[in-house]
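To keep things clear, I will list the structure first and then write my remarks on it.
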There are 2 protein chains.
Amino acid sequence: MLTSVDTDLVRVLADPLRMQIVSLLARETLCTTHLVEETGAKQTNLSNHLKVLRDAGVVETEPCGRFTYYRLRPEVLDQLAEQFTRLASLARVNDAANSKRACP
Amino acid sequence: MLTSVDTDLVRVLADPLRMQIVSLLARETLCTTHLVEETGAKQTNLSNHLKVLRDAGVVETEPCGRFTYYRLRPEVLDQLAEQFTRLASLARVNDAANSKRACP
DNA sequence: TGAGATTATCAGTCCATGCTGACGTCAGTC
DNA sequence: GACTGACGTCAGCATGGACTGATAATCTCA
């Protein structure tokens, strides 16, 4: 399908805790310890979600001694936003043209 | 949280079949029968997903005789795109400022 | 009104995924 | 080198949600 949205990426962001992590990282680059404090989630749980975000390319890591900083990659979010915008504008065009397939 | 994204809406769009429905409806207003043809999914299954999309406000229905047309609501997608864009730009600003919380 | 077509709802099954505890690994400090 | 703290991995459990078949509800047309 030409104009669509990457479902895998959307699925990664569909989890409340993961979205909270993303929102926090959009404000500040943080290490796991900070995220544990901010979210109240267990470290193990966070580590799992961070792995998912890493694998999806949403965040990237930067080791700092025995700490690991997590940084958000805005490109990914921008790309996703553009895909949604494109879908929306396509819908608007076809809505204006009133393109409706005839009942079978 | 001030700048974040509505997880419920994202979750609705995180399903491949639902995203396919949205993509199809972005091109054309269709009724359930058409969607069954296009997706190859069972009618029952589609009806379930359409209910989810309806409840989330992503699509709206328009009865036409004994058929039901489904139309995409672009506003919802635009709103979602804007939320992602906002998050991304916030991340860029903080990235430029190199705002990194000190290791504890 | 009765038959057929279209769509929605319900109950049940099954699988993906999120959460947790135990453990392993690595870096820094004594 | 031993200890401590930070972080990741793994296995097991539990829950949510996707899919299906049966059935109900609604509409059109003869």
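Side-chain atoms are counted along with the backbone in the values below, which use heavy atoms only and exclude waters and symmetry mates. Throughout, protein chains are lettered first and strands after them, A, B, ... in sequence-line order, and every chain is numbered starting at 1.
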Roughly, in whole Å, what's the span from [atom1] in [X] to [atom2] in [N]?
X	N	atom1	atom2	answer
A/K51	C/dT17	NZ	C1'	15 Å
B/D55	C/dA8	CG	C1'	12 Å
B/F67	C/dA8	CZ	C1'	16 Å
B/L35	C/dA8	CG	C1'	15 Å
A/D15	D/dT15	CG	P	17 Å
A/R11	C/dC15	CZ	P	16 Å
B/L46	C/dT9	CG	P	14 Å
B/N45	C/dT7	CG	C1'	14 Å

task = Using atom types as modelled and distance alone, determine if a side-chain donor or acceptor of B/R54 lies under 3.5 Å from a backbone N or O of B/T61.
result = no
It should be established whether [X] places a side-chain nitrogen or oxygen under 4.0 Å from OP1 or OP2 of nucleotide [N].
X	N	result
A/R66	D/dT4	no
A/Y70	D/dA6	no
B/R18	D/dA18	yes
B/T33	C/dA5	no
A/H49	C/dT17	no
A/K42	C/dC19	no

key: Ion pair A/E38/A/R27, N-O distance below 4.0 Å   = no
request  = Test A/L30 against every option in A/L72, A/L24, A/V36 by the side-chain contact (heavy atoms from CB on, under 4.5 Å) rule and name the one that passes.
outcome  = A/L24
Checking all strands, does [X] fall into the base, sugar-phosphate, or nothing category for heavy-atom contacts under 4.0 angstrom?
X	value
B/T44	base
B/N48	base
B/T68	sugar-phosphate

query = What is the ring orientation for A/H34 with A/Y69, classed by angle as parallel under 30°, tilted 30 to 60°, or perpendicular over 60°?
reply = tilted
request  = Go through C/dT20, D/dG8, D/dC19 for me and flag the one nearest to the A/Q43 side chain.
outcome  = D/dG8
task = Under the salt bridge (charged side-chain N to carboxylate O under 4.0 Å, His left out) rule, collect the residues that match up with A/K42, sequence neighbours excluded.
result = none
